[in-house]
Each structure stands twice: as structure tokens, then as C-alpha cells.
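Here's the structure we're looking at; comments come further down.
Numbered from 1 within each chain, the chains take letters A, B, ... in sequence-line order. Worth knowing before you read on, the calculation uses all heavy atoms, side chains too, and leaves out hydrogens, waters and symmetry mates. Owing to the predicted nature of the structure, the values given are computational and were not obtained by experimental measurement.
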2 protein chains.
Amino acid sequence: MPRAAKHQRGAKLRSAAFSRIRSDHQSELAEDYVELIADLIDERGEARGTDVAMRLGVANATVVKTLKRLQDAGLVTQEPYRAIFLTGEGWKMAEDGRRKHRIVEGFLLALGVSEETARIDSEGIEHHVSEETLRAMARFLARNGR
Amino acid sequence: MPRAAKHQRGAKLRSAAFSRIRSDHQSELAEDYVELIADLIDERGEARGTDVAMRLGVANATVVKTLKRLQDAGLVTQEPYRAIFLTGEGWKMAEDGRRKHRIVEGFLLALGVSEETARIDSEGIEHHVSEETLRAMARFLARNGR
DNA sequence: CAATAGATTTAGCCAATGCTAAACTTTCTG
DNA sequence: CAGAAAGTTTAGCATTGGCTAAATCTATTG
């Protein structure tokens, strides 16, 4: 038996937490898209592919391809050459993302970081906070927040 | 001109923050790998591919392929069929990740979340906190921490 | 109402990250 | 020390998410 087998104790216990990080990348992207689409609809009445591409900083063709997947996933609907709409499920996901975003951003501000940093960091963090942590942040916000 | 062109104001201002999220995925993976390898070396004297695969919850072949990229990036060294080592740069990245990890995990605990949640959430959050937010967390920890 | 500009889609490419199955090394053990 | 078990690598495939260039559609406007 090879050498590594002599220390095999308790290794798979931690794999759950790690693999979560990895496979969640796809749903993060989906959340970013639907959140942005929801914002665009609210801000300007409709979401166009070009606007999504510009705000995400990717090429138009990339948006088209990703929207096709989101459509298959039942999050958005779109007719060729027309604006993008969210399904019920899409709106739910967008609202959930916005809620997390609001809590995390407000929390960071209450912690004392700059607005710029709060905005940027909350974009990254929002996809990785559990409900328990969100509750803790909301609690903190209720006491120290503004 | 198509209809969408009538509201083009100020769209690209926000793209920087968004694109950061997207392209950072690769370095996140690299950080996870080197951090885990550092932990394995410290815990058991050496890091073997199988251990990395198990803890990350991926197949052996995936680890081999990723390690090849990390080797090209100058973060690890490895002879075929032998254990994995970190380069100086690899150690630096690992140490930096561990430092962030410690701060974030300790901070979450001080915020009042469970150990389990603090462990899991900090894995996800550590890649998305700026130095400014880390300082704010450390400050909080110094006052309320344990 | 035809031309054109801008938006959108298609086609085809690439790299990263995952997998399984098969081949090959290393190490332990009888 | 030969065989078997475990670890490691190779080969080949799929998906995701990115790009550019070319083709196509829509809508404005002269």
C-alpha cells in the first residue's frame, strides 16, 4: 500500500464545505444576471441585451449564450430581437439577491467601511452568506445601523 | 436607431465592480488549492493528490490537471507520482488566504453565528473581502472578539 | 419608404474545470 | 521478491463562459 494511506483519518468530513464553493459558481452568475435584469426593468422599463453586456463588462454574444441557459433554467423569457423578461422564479431569485445585497451592504457601512468598498465587497459577499449570518448582520444593523 | 439607444446614460460606470466578480473565479480556485496544500503539509508533513481531491470533493484527474496549471503559474512544484510542494509564491498566497480566513471566521464568531456556519461562510467570503473590510473586521474583533 | 445605424444573433474559436475509464507506478505484504 | 492494492497519470469527453467576426434584424430618419 502506498505511503499516503497511513494518514487517512477524517478527510472527507470537510469536503462538503469546499465543494459547495466550487459548484455554486454557476448559480452566482445566474443571480448576477437576474438581479441586473430586474434592476434594468425597474430603472428604465425594460432590459436589453446590450445594457446587460455593458454593465457586466462582457461581449454581447456572451450575454446571448448565457440568456439561453437562463431561459432553459426557467428564469427568463425572451423573443428574438426583443427585450428580456423575468419569469416568476426569476423575480423571486432577483428579489432574494437584492435582499441579501441590501443587508450585506448596509452591514458593511455600519461596520465603518467606505461606500465604495461596501458596494464592491457586498457584490462578492452576497452569494456566500448563509441565512444565519444574514440574521446576525441584520441584528447588528438594528442596533448600530443607520 | 433602435429603441434601446434612447437610454444610454451612465451604464458603464458600474461594470468594473461586476466584472471583478466574474474573472476572479480562477484565482479563487488557485487560492483554495494552495491553502489546502499548505494545510496538508502542516498537518501531515506532505500533500498528496488524493488528499487534495478528497477534501475538495473532486476527481483525482481534476486535481492533476489543475496542479499542472498551478505549476505553470509558479505556485506549486511536483514530480510525477510524488507529493506536492509550494513555491515561495505559493506559500505567500497560502499565508495570505489563511490570514483572511482567520479574520473572517473569527469575526463571524464574534458576530454570534455558530461555529459550523462561521467555518462554511468564511470559506466563501474570504475571497471577496477587501483589505479595508478586513481592517474593519479586525477592529471589531479587537473590541468585541474573544 | 429606402438607407443606414445600431442592436442582436450565429458561427466558430478557446481555456478552465469537471467527469470516467484505462493505463501505469509505487509501495506494502505475503 | 512477486503480486496486489492503492495512488497517479493519460486520454477523451462535456459544459460553462468568454471572445471576435460576420450575418441579420429593427427602427429611425432623410
Side-chain angles (χ1 to χ4, degrees), chain A residues 1-9 11-12 15 18-33 36-37 40 44 46-73 75-85, chain B residues 1-8 11 15 18-33 36-37 40 44 46-73 75-85:
Chain A
M1 187 204 288
R3 120 169 52 68
K6 70 173 100 101
H7 21 232
Q8 218 51 274
R9 5 111 199 175
K12 58 208 67 166
S15 64
F18 273 102
S19 64
R20 197 185 53 74
I21 297 171
R22 229 148 315 291
S23 59
D24 274 3
H25 184 237
Q26 287 172 227
S27 50
E28 280 175 48
L29 192 92
E31 276 172 36
D32 283 349
Y33 267 79
L36 172 53
I37 290 164
L40 286 169
R44 50 179 65 175
E46 64 175 17
R48 310 290 312 190
T50 302
D51 299 325
V52 173
M54 271 200 312
R55 289 227 197 162
L56 292 180
V58 301
N60 258 298
T62 301
V63 170
V64 172
K65 214 183 277 192
T66 304
L67 285 177
K68 219 160 274 169
R69 279 198 302 277
L70 297 184
Q71 205 159 7
D72 291 346
L75 294 168
V76 312
T77 59
Q78 192 187 20
E79 301 296 313
Y81 298 98
R82 297 261 109 84
I84 307 154
F85 296 95
Chain B
M1 186 205 289
R3 121 170 47 70
K6 70 174 102 108
H7 22 231
Q8 218 51 275
S15 63
F18 273 102
S19 64
R20 197 185 52 74
I21 297 172
R22 229 148 315 291
S23 59
D24 274 4
H25 185 236
Q26 287 172 228
S27 50
E28 281 175 46
L29 192 92
E31 277 172 36
D32 283 348
Y33 266 79
L36 173 52
I37 290 164
L40 286 169
R44 49 178 66 174
E46 65 175 17
R48 311 289 313 190
T50 302
D51 298 326
V52 173
M54 271 201 311
R55 289 226 196 163
L56 292 180
V58 301
N60 258 296
T62 301
V63 171
V64 172
K65 215 183 277 190
T66 304
L67 285 177
K68 219 160 275 166
R69 278 197 304 276
L70 297 185
Q71 206 159 7
D72 290 347
L75 295 169
V76 311
T77 59
Q78 190 188 21
E79 301 295 314
Y81 297 99
R82 297 259 109 84
I84 308 152
F85 295 95

- Indicate yes or no for a side-chain donor-acceptor contact from Gln71(A) to the backbone of Gln78(A) under 3.5 Å, with no hydrogens or angles considered.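 Between the backbone of Gln78(A) and the side chain of Gln71(A) there is a qualifying donor-acceptor contact (under 3.5 Å).
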- Looking only at heavy atoms, which two atoms of Val58(A) and Tyr33(A) are closest? And how far apart?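 So the two residues come closest at CG2-OH, 4.3 Å.
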- Can you name the closest pair of heavy atoms from Ala47(B) and Ile37(B) and give their distance?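 Heavy atoms only, the tightest pair is CB-CG2, 3.8 Å.
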Taking atom [atom2] of [N] as reference, at what distance in whole Å does atom [atom1] of [X] sit?
| X | N | atom1 | atom2 | result |
| --- | --- | --- | --- | --- |
| Asn60(A) | dA23(D) | CG | P | 18 Å |
| Glu28(B) | dG17(D) | CD | P | 14 Å |
| Glu46(B) | dT27(C) | CD | C1' | 13 Å |
| Tyr81(B) | dG7(D) | OH | C1' | 9 Å |
| Lys68(B) | dA15(C) | NZ | C1' | 15 Å |
| Leu67(B) | dG18(C) | CG | P | 12 Å |
| Glu31(A) | dG17(D) | CD | P | 13 Å |
| Leu56(A) | dC19(D) | CG | P | 10 Å |

- Any side-chain heavy atom of Asp32(B) within less than 4.5 Å of one from Thr66(B)?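 A side-chain contact under 4.5 Å is absent here.
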- Message: If you assign Pro80(A) and Arg69(A) each to the DNA chain D nucleotide with the nearest heavy atom, which residue ends up on the more 5' nucleotide?
- Response: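 The residue closer to the strand's 5' end, by nearest nucleotide, is Arg69(A).
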Counting heavy atoms from C-beta on, name the nucleotide in [options] closest to the side chain of [X].
| X | options | answer |
| --- | --- | --- |
| Arg82(A) | dC19(C), dT26(D), dT8(C) | dT26(D) |
| Ala59(B) | dA7(C), dA11(C), dC19(C) | dC19(C) |
| Val58(A) | dT24(D), dC19(D), dT10(D) | dC19(D) |
| Lys65(B) | dC19(C), dC19(D), dT26(D) | dC19(C) |
| Ala61(A) | dT20(C), dG18(C), dC19(D) | dC19(D) |

- Can you name the side chain to side chain contact (heavy atoms under 4.5 Å, CB included) partners of Val64(A), sequence neighbours left out?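 So Val64(A) forms a side chain to side chain contact (heavy atoms under 4.5 Å, CB included) with Lys68(A).
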Tell me whether the side-chain N/O atoms of [X] come closer than 4.0 Å to OP1 or OP2 in [N].
| X | N | result |
| --- | --- | --- |
| Thr62(B) | dT17(C) | no |
| Thr50(B) | dT8(D) | yes |
| Gln78(A) | dT9(C) | yes |
| Thr66(B) | dA16(C) | no |

